[in-house]
Novice: 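Below are the structure tokens for one structure; questions will follow.
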Amino acid sequence: MRQSSFFTKTLKTISSEEQSKNAQLLLRGGFIYKNSAGVYSYLPLGWRVIQNISQIIREEMNAIGGIEMLMPALVEKRYLDITQRSAVDIGFSVAGHDSGRAPYILGWTHEEVITEIATRYIQSWRDLPVAAYQIQTKFRNEPRAKNGLLRGREFIMKDLYSFHQSKEDLLVYYETVRRAYEAVFARVGLKAYYTVATGGDFTMSTTNEFQVLADAGEDTIYYKEGSSIAFNQEVVEESGEYDVSDFQKGSAIEVGNIFPLGTKYSDAFDLRWQDENGKKQKVYMGSYGIGVSRVMAALVEVSSDERGIIWNPAVAPFLVHIIPISDDSAVIREAEKVYEALKGEGYAVLLDDRNARPGEKFADSDLIGIPFRITVSQKTMEQNGYGLKLRDKDEEQIYSLPDLKQHIALQR
Ligand code: ATP
Ligand code: MG
């Protein structure tokens, strides 16, 4: 893609009310636009990152038998009345035209909606297990929406729901989801601790969170290098069951949360399955969330320097950034040549075809954080090559086109 086709620009400074690193860098880089507190637009660059993260999640959910669907964001209040969750003040209410009442809530979670749908299709032992997910905008009336994309009032979530014949089957699948989540966070480039947490609104038992250490995190966890499990401070204090004396304590961002729901929702909706003897049995459910937009924010919180964002190649808006550092027509032609060649390899390539000073192009390139930067100049052409620099390294080296291709293929 050509940079001149973006309608956005990088910004030198932004309003001082945005203090978090992710908001600062994503706003300055032209990834997002703040419409109101906790409400953001994803601009072309930011939307590419969201789509890359979503695609990784999608692949891992499909690999464990999850099937993608999409439920409404406009959820009739009656759904949450059934489980007494309509009064939870995190929900935004929407008044309908026909009555003065507020018959809708903007969906902040979808256990009730999926469970009602399941009552139509799950009848016998033949119909289980089921695992379905969606990637959707959620709405929560968060009192303190202050950390950029970490806590939005409107944000993107992946939510998976599973239905099982037995508690045992649910617990086996729960472990499968845990591994899929570990794969997701490893692939996007986050070190996430599997954390024991309290039940929250959803269930009485403990749940599990995936927590990324970061100063901006709103949670506190006890973790230990080499331990496969960490503990949320809340569960340690509330239960008194865990000895964390040799653990370290740190702030962390909750990027995912998995819940063994049991039969709370299936009971409320009278969802049952009939066994081989015609006897009605309980359905066991799990629910599993990942904050897609929060993952984007967490990546920025943990990977940047004084010049800007440093994206992991797996989620970067583009893999390669080509910068002609002169407006000489031979240089432009050469830049076009390498642009076409790398696009031909299937890479996402951004060409800085703007009429701007080299210093400005380099500063913007560092700010938006694309992993591979290629410069084309008189000097590189004299050496029959292109300058290649990785975003997280300082030195630039000259490579011929075949070497350049090989280098990118090896390091992406
Ligand atoms: P938190 O404890 O941070 O308020 P939660 O436990 O209420 O979140 P869940 O209902 O489990 O969140 O939602 C699943 C995931 O969605 C969370 O793990 C988090 O990554 C993300 N998420 C939740 N609330 C927000 C929000 N306001 N903005 C962005 N992402 C969010
Ligand atoms: Mg939580």
Novice: Closest heavy-atom contact between Asn52 and Ala314?
Specialist: CB-O, 3.9 Å
Novice: Using a 3.5 Å distance criterion without hydrogens, assess whether the side chain of Arg391 forms a donor-acceptor pair with backbone atoms of Asp366.
Specialist: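 The answer is yes, because a donor-acceptor pair under 3.5 Å joins these two groups.
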Novice: Do you know the tightest heavy-atom contact between Met61 and Ala180?
Specialist: CE-CB, 4.1 Å
Novice: Looking at residues at least two apart in the chain, or sitting in another chain, which of them share a ring pair (Phe, Tyr, Trp, His ring centres under 6.0 Å) with Phe210?
Specialist: Tyr181, Phe185, Tyr194
Novice: Below 3.5 Å, can you tabulate the donor-acceptor pairs from side chains in residues 288-303 to any protein atom, sequence neighbours excluded?
Specialist:
| unit_1 | atom_1 | unit_2 | atom_2 | d |
| --- | --- | --- | --- | --- |
| Tyr288 | OH | Ser162 | OG | 2.7 |
| Ser293 | OG | Ile156 | N | 3.0 |
| Arg294 | NE | Leu150 | O | 2.7 |
| Arg294 | NH1 | Glu254 | O | 2.8 |
| Arg294 | NH2 | Leu150 | O | 3.2 |
| Glu301 | OE2 | Lys21 | N | 3.4 |
| Glu301 | OE2 | Asn22 | N | 2.9 |
| Glu301 | OE2 | Asn22 | ND2 | 2.9 |
| Ser303 | OG | Ile310 | O | 2.7 |

Novice: Residues two or more places apart in sequence or in another chain: which of them pass side chain to side chain donor-acceptor pair (under 3.5 Å) with Asp89?
Specialist: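 Here no residue qualifies.
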Novice: Between Lys389 and Lys393, is there a donor-acceptor pair closer than 3.5 Å when you use the side chain of the first and the backbone of the second?
Specialist: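 Checked: pair present.
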Novice: What is the minimum heavy-atom distance between Pro371 and Ala316, and which atoms define it?
Specialist: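 That would be CD-CB, 3.5 Å.
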Novice: Does any pair with a residue in residues 24-52 pass salt bridge (Lys or Arg N to Asp or Glu O under 4.0 Å), and if so which ones, sequence neighbours excluded?
Specialist: Glu17-Lys34, Glu18-Lys34
Novice: Between Leu404 and Val338, which heavy-atom pair has the shortest distance, and what is it?
Specialist: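 Reported closest heavy-atom pair: CD2-CG2, 3.8 Å.
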Novice: State, to 0.1 Å, how close Asn62 and Tyr133 come at their nearest heavy-atom pair, and which atoms those are.
Specialist: OD1-OH, 2.7 Å
Novice: Count the heavy atoms of every other residue, nucleotide or ligand shown that sit under 6.0 Å from CD1 of Ile14, and state whether that count exceeds 12.
Specialist: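 More than 12 within 6.0 Å, yes.
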Novice: For the residue pair Phe247 and Phe231, categorise the inter-ring angle as parallel (less than 30°), tilted (30 to 60°) or perpendicular (more than 60°).
Specialist: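 If you compare the ring of Phe247 with that of Phe231, the planes turn out perpendicular.
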Novice: Would you compute the distance between atom CD1 of Ile323 and atom OG of Ser365 and round it to the nearest 0.5 angstrom?
Specialist: 4.0 Å
Novice: List for me each residue that meets ring pair (Phe, Tyr, Trp, His ring centres under 6.0 Å) alongside Tyr42, sequence neighbours excluded, and say none if there are none.
Specialist: none
Novice: Before you tell me yes or no, could you show the steps for Glu112 and Ile82 under side chain to side chain contact (heavy atoms under 4.5 Å, CB included), namely the whole-Å CA-CA distance, both residues' side-chain angles and the distance that decides it to 0.1 Å?
Specialist: CA-CA 8 Å; Glu112 289 84 353; Ile82 293 174; 5.7 Å; no
Novice: For Tyr193, what residues pass the ring pair (Phe, Tyr, Trp, His ring centres under 6.0 Å) criterion, not counting sequence neighbours?
Specialist: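 Tyr193 satisfies ring pair (Phe, Tyr, Trp, His ring centres under 6.0 Å) with Tyr223 once adjacent residues are dropped.
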Novice: Does Phe362 have any ring pair (Phe, Tyr, Trp, His ring centres under 6.0 Å) partners at least two apart in sequence or in another chain, and if so, which?
Specialist: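 With neighbours one apart ignored, the set is empty.
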Novice: Which residue pairs pass the salt bridge (Lys or Arg N to Asp or Glu O under 4.0 Å) test with at least one member in residues 230-252, sequence neighbours excluded?
Specialist: Lys224-Asp246
Novice: Provide the full list of salt bridge (Lys or Arg N to Asp or Glu O under 4.0 Å) pairs with a residue in residues 119-139, sequence neighbours left out, each pair given once.
Specialist: Lys138-Asp159
Novice: Would you please name every residue forming a side-chain contact (heavy atoms from CB on, under 4.5 Å) with Ser4, sequence neighbours left out?
Specialist: Arg2, Asp353
Novice: Which atoms form the tightest heavy-atom contact between Met157 and Trp108, and what is the distance?
Specialist: CE-O, 4.4 Å
Novice: Got a list of side-chain donor-acceptor pairs under 3.5 Å for residues 339-349, not counting sequence neighbours?
Specialist:
| unit_1 | atom_1 | unit_2 | atom_2 | d |
| --- | --- | --- | --- | --- |
| Tyr339 | OH | Met1 | N | 2.8 |
| Glu345 | OE2 | Lys405 | NZ | 3.4 |

Novice: By side-chain contact (heavy atoms from CB on, under 4.5 Å), which residues pair with Asp275, not counting sequence neighbours?
Specialist: Trp273, Asn277, Lys279, Gln281
Novice: In the structure I gave you, are the side-chain heavy atoms of Gln134 and Leu70 within less than 4.5 Å of one another anywhere?
Specialist: yes
Novice: Is a side-chain donor or acceptor of Thr207 paired with a backbone partner of Thr198 at a separation under 3.5 angstrom?
Specialist: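 Side chain of Thr207 to backbone of Thr198, a donor-acceptor pair under 3.5 Å: yes, one is there.
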Novice: Is the backbone N or O of Phe163 less than 3.5 Å from a side-chain atom of Tyr173, with the two atoms forming a donor-acceptor pair by type?
Specialist: no
Novice: Verify salt bridge (Lys or Arg N to Asp or Glu O under 4.0 Å) between Lys264 and Glu111, making sure each step is shown before the conclusion.
Specialist: CA-CA 10 Å; Lys264 174 175 170 181; Glu111 282 78 8; over 6 Å; no
